[in-house]
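Reading through the structure tokens given below for one structure.
Heads up: numbering here begins at 1 and tracks the sequence.
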Amino acid sequence: MALKLGQCDADQFLRKLSASQLLEWFRFAELEPFGARVEQLQTAGLRAQVANYLRKKGSEPLTAQDFVLGYKPQVQPKQMSVEELYRRFTGQS
């Protein structure tokens with residue numbers, strides 16, 4: 001937040017801010033998010049739009065999450081039965 005407001009020293013910026021001003025900024029950020037994460041998501045959305053415009057007909061559409069740097073979707077582990085778990089940990093096929 002300090003950088004967005006032209007302050008390069010975050011500690012000095014926070015010392016100048018009153019508690020009520022800081023609370024007001026938090027409330028504003030809930031209504032109008034700002035910062036690197038929001039900018040990254042906005043850019044990813046534009047990339048997805050361009051990629052979807054240029055994609056081959058019939059191919060799967062892409063989402064903004066496909067273009068967020070460093071984003072890796074959480075893979076859900078496969079549900080295994082007790083027998084499958086036993087075979088896996090004992091090395092039996």
Report the residues that fulfil ring pair (Phe, Tyr, Trp, His ring centres under 6.0 Å) with Phe34, sequence neighbours left out, ordered by chain and then residue number.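 Partners of Phe34 by the ring pair (Phe, Tyr, Trp, His ring centres under 6.0 Å) criterion come out as none, since no residue qualifies.
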
With rounding to the nearest 0.5 Å, note down the distance linking [atom1] in [X] to [atom2] in [Y].
X	Y	atom1	atom2	value
Leu41	Leu46	CG	CG	11.0 Å
Arg87	Glu84	CZ	CD	6.0 Å
Thr43	Glu39	OG1	CD	7.5 Å
Leu22	Lys16	CG	NZ	15.0 Å

Among the clusters formed by ILVMFWY side chains lying less than 4.5 Å apart, do [X] and [Y] turn up in the same one?
X	Y	result
Phe28	Phe26	yes
Val50	Tyr53	yes
Phe89	Val82	no

How close do Ala64 and Ala44 get, counting heavy atoms only, and between which atoms?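 In this case the closest contact between Ala64 and Ala44 is O-CB, 3.3 Å.
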
Check Leu62 against Ala48 and note the closest heavy-atom contact, atom names and distance. O-CB, 4.2 Å

Are the side chains of Asn52 and Gln49 in touch, meaning some heavy atoms are under 4.5 Å apart? no

Side-chain heavy atoms of Val68 within contact of Arg47, under 4.5 Å: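 No, every pair of side-chain atoms sits at 4.5 Å or beyond.
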
So does Arg88 have more than 12 non-hydrogen atoms from other groups sitting under 6.0 Å from CZ?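 Incorrect, the count does not exceed 12.
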
Check whether more than 12 heavy atoms from other residues, nucleotides or ligands sit under 6.0 Å from atom CD of Gln21, and answer yes or no. yes

For residues 6-15, which side-chain donor-acceptor pairs fall under 3.5 Å, sequence neighbours excluded?
{"residue": "Asp9", "atom": "OD1", "partner": "Asp11", "partner atom": "N", "Å": "3.2"}
{"residue": "Asp9", "atom": "OD1", "partner": "Gln12", "partner atom": "N", "Å": "3.3"}

Taking salt bridge (charged side-chain N to carboxylate O under 4.0 Å, His left out) as the definition, give me every residue that meets it alongside Lys56, ordered by chain and number, with sequence neighbours left out. none

